[in-house]
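For the numbers below, each heavy atom of this structure counts, side chains included, while hydrogens, waters and symmetry mates do not. Labels below follow one simple rule: chain letters A, B, ... track the order of the sequence lines, proteins then strands, and each chain is numbered from 1. As the structure is a computational prediction, the values presented were derived from the model and not from experiment.
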Amino acid sequence: MLRLAQALDAHLRAAMERAFPEAAAEASAAGRALDPQLAPASKPEFGDFQANGALPLAKPLGQPPRAIATAIVEQLAADPAFAELCEPPQIAGPGFINLTLRPERLAAEVQARLGDPRLGVPSVAVEAAAPSGAAGAALAPVIVDFSSPNIAKEMHVGHLRSTIIGDSLARLLEFRGHPVLRLNHVGDWGTQFGMLITHLKQVAPEALTTADAVDLGDLVAFYRQAKARFDEDEVFQVTSREEVVKLQGGDPVSRKAWQLLCDQSRREFQKIYDWLDIRLNERGESFYNPYLEGVVTDLDTSGLLVTDDGARCVFLEGVSGKDGKPLPVIVQKSDGGFNYATTDLAAIRYRFGAAPEGDGARRVIYVTDAGQANHFAGVFQVARRAGWIPEGGRLEHVPFGLVQGEDGKKLKTRAGDTVRLRDLLDEAVERAEADLRRRLAEEERSEDEAFIQHVATTVGLAAVKYADLSQNRITNYQFSFDRMLALQGNTAPYLLYAVVRIAGIARKGGDLGAEASGAGPEGLHFTEPQEWTLVRELLKLDAVIAEVEEELLPNRLCTYLFELSQVFNRFYDQVPVLKAEQSARSSRLALCRLTADTLRLGLGLLGIPTLERM
RNA sequence: GGGGCUGUAGCUCAGCCGGAUAGAGCGACGGUUUCCUAAACCGUAGGUCGUGGGUUCGAGUCCCGCCAGCCCCGCCA
């Protein structure tokens, strides 16, 4: 319905200009235009849209707002193009103009979507290729940096949100037609590696020369030991740092060991990604190693670099520490080594940089926890001051809160360990399976094992993903299997069930193909309020996607899909489809089909596949 | 000490660019099944939007102060 909203907005602006030419001239002289403040209606009884623009004009015009609204409405009434779109506007309350679209326009919108695989959502790729645009201008890529586990560690709950949210944002941007680079910035470099290799050399040297000599679980244990030694033992610290320098310098023995560790971890990560159906290009911290030096010299030539206490750093503007002195971003440690800030800066420079030594991106999105907000703010500032972000380039940190247990504290196992992602996913699927089996028994249904496994896996993983995505990501997230797997409420099973209901209609003889195309001689024809409510809900999809693309908040899409499911369930409950008379039946089937398509598309953008039966 | 985020119903959370009487879900209570999967639907109860000021036609939303919780703060990522 975005197109209709834009048309309405134009009509309203024109009407305001005709109604108040002096004020309009004055406004445009000041470099702005009279704003009708068009917004979706806050309640269904107000129609489809409301224009609030009359209220703020009351004071400058010295007229009561309702009189202003009346003048605007009179101009609208004189506009035949507007009258084709909209019913006569209503003035309500202190001076709101309520707008209701003509039913035939709504039906026409539905009709258009029935034949459109994109369901009315425009693609920027198509727009860019349009004759009006630069001919064949290749779109600059959007980079989504997400997941980013550490080599030699297992993925744990901490990676859950980044992985799920990042994947969803990437899917949505891809659907909008952007070339998307999904980058897995794995932790495969740095001090931690020095620690691990140093420790392994002493306690399990075979792990550094032979593939899979120790399994990942052991590696994690070794890592913990190494970390403990690093924190206590100064000699070990020094050796570790030397080891990092060797590795970063390309020492063949260190490189070989490093390669083995990375390969092993990579295979473990891939199992999880395959399970969750997440596609990701690994480009770890090590990738930027050749560019670290350049970062420092670049900062030096632009005069940002200061040597302080032996470390080379850039002092931040507007951020001061304990003593009121500006806080530094350290790019080269006093021992000559580089750290994560250097790597992050190199990554920014590379990502915005032109090919072949860069990605040529125009938007770079980091999906990491909110605890890194300060770090990114600092690094972004340095990148900006160094001039690495091109005109119009967007650099965005997409922060998210912690995953907490139901006690409100950090999620842990009973033993107090961090929860492994694979265990968590396993448990979700197991619980979904138990629920399913219980229900099958209660209903005396019998299904084969393949069905049960498929449904349980789909529902279990969908529940985990949806629970995370449906929450505003900025706040901490309370993880609860019981809540996410609940069969009612704003949960994955509820949404999946709506799709299943429609699939059921198709199975029971509803032709969702030809019969629901709305191409019949009588076209689409709606009579019941539940039908109109569903029509209006269906038409919101494009606006919701545009909003998520801008705000990077997948929960807005979840809210929409949940509300669509609710509206559909009401329709399904109160309006017969298959048993309807022929005149109503094909239009209702069309609504069913478009609802299913919309839910499948929307859930698909969340990384959630749907089911035919459950 | 400095900075960031959060504070909305018993619980978990929405709330778009400041707009009309602050919304869901769960839980509680009550109802609906000759009919497309009741994993559903309908209804009732439940609010000092942490708090005190300010801005304005209008503030949960913007600004300032305060309180509480979480997170970050020089060579880990």
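Residue contacts for A/Asn476: at a heavy-atom cut-off of 4.0 Å it reaches the sugar-phosphate backbone alone, with no base atom in range. Nucleic acid contact for A/Arg507: base, since at least one base atom lies under 4.0 Å from a heavy atom of the residue. Within 4.0 Å of A/Arg438, counting heavy atoms only, lies no atom of the nucleic acid at all. Nucleic acid contact for A/Phe46: base, since at least one base atom lies under 4.0 Å from a heavy atom of the residue. Across all strands, A/Asp188 comes closer than 4.0 Å to no nucleic acid atom at all (heavy-atom distances). Among the heavy atoms of the strands, none lies under 4.0 Å from A/Pro399. Contacts of A/Pro493 with the nucleic acid, taken as non-hydrogen atoms under 4.0 Å apart, are absent. When heavy atoms are screened at a 4.0 angstrom cut-off, A/Gln50 is found touching base atoms of the nucleic acid. Among the protein residues, A/Ala92 comes within range of the nucleic acid bases, having at least one heavy atom under 4.0 Å from a base atom.
Considering only the side chain of A/Asp573, B/C41 comes nearest among B/U21, B/C36, B/C41. Checking B/G23, B/C16, B/G25 against every side-chain atom of A/Glu547, the shortest atom distance belongs to B/C16. You'll find that the side chain of A/Gln372 is closest to B/A77, out of B/U12, B/G19, B/A77. You'll find that the side chain of A/Lys579 is closest to B/C35, out of B/C35, B/C71, B/A14. When distances are taken from the side chain of A/Gln574 to each of B/A14, B/G19, B/C42, the shortest belongs to B/C42. For A/Tyr494, counting side-chain heavy atoms from C-beta on, the closest listed nucleotide (B/A77, B/A38, B/A40) is B/A40. For A/Ile474, taking side-chain heavy atoms from C-beta onward, the closest of the listed nucleotides B/A20, B/U6, B/G25 is B/U6. Closest to the side chain of A/Pro328, from the set B/G74, B/A38, B/A14, is B/G74.
Here A/Asn472 does not reach the OP1 or OP2 of B/C13: none of its side-chain N or O atoms lies under 4.0 Å away. Within the structure, every side-chain polar atom (N or O) of A/Arg588 is placed at least 4.0 Å from both OP1 and OP2 of B/C36. Contact annotation: A/Gln566 side-chain N/O to B/G25 OP1/OP2 distance is under 4.0 Å. A close approach under 4.0 Å does occur between a side-chain nitrogen or oxygen of A/Thr475 and OP1 or OP2 of B/A14. Listed pair A/Gln471 / B/C13 meets the phosphate criterion, a side-chain N or O lying under 4.0 Å from OP1 or OP2.
Remark: the A/Asn569 side chain and the B/A38 base include no donor-acceptor N/O pair separated by less than 3.5 Å. Side chain A/Asn374 to base B/C72: a donor-acceptor pair is found below 3.5 Å.
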- Query: When you look at A/Tyr366 and A/Asp344, which way does the side-chain hydrogen bond (donor to acceptor under 3.5 Å, both in side chains) test go after all the steps?
  - Reply: CA-CA 11 Å; A/Tyr366 289 83; A/Asp344 282 341; 5.7 Å; no

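Nearest approach of A/Ala456 to A/Leu436, heavy atoms of both residues: N-CD2, 4.4 Å.
For the salt bridge (Lys or Arg N to Asp or Glu O under 4.0 Å) with A/Arg556, the lone residue among A/Glu547, A/Glu550, A/Glu549 that qualifies is A/Glu547. For the side chain to side chain contact (heavy atoms under 4.5 Å, CB included) test with A/Leu299, the passing option among A/Val306, A/Val314, A/Val329 is A/Val314; the others fail.
Distance, A/Glu551 CD to B/A14 C1': 15 Å, rounded to whole Å. Nucleotide B/G7 holds its P atom 15 Å from the CD atom of A/Gln478, rounded to whole Å. Residue A/Glu406 contributes atom CD, which lies 14 Å from atom P of B/C11 at whole-angstrom precision.
With respect to the salt-bridge test (charged N to carboxylate O, under 4.0 angstrom), the residues A/Asp435 and A/Arg438 qualify. Remark: A/Asp145 does not engage A/Arg283 in a salt bridge, criterion side-chain N to carboxylate O under 4.0 Å.
Separation of the A/Phe96 and A/Phe46 ring centroids does not fall under the 6.0 Å cut-off.
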Donor-acceptor contacts under 3.5 Å from residues 54-65 of chain A side chains, at least two apart:
none

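To the nearest whole angstrom, the two P atoms, one in B/G43 and one in B/C57, are 39 Å apart. Taking the C1' atoms as reference points, B/C11 lies 32 Å from B/G53, given to the whole Å.
When base pairs are accepted only as Watson-Crick or G-U wobble with both N-N or N-O distances under 3.5 Å, RNA chain B takes part in stems of 3 or more pairs at B:1-7 with B:67-73, B:10-13 with B:23-26, B:28-32 with B:40-44, B:50-54 with B:62-66.
Side-chain contact between A/His397 and A/Thr368 is present, with heavy atoms from C-beta onward closer than 4.5 Å.
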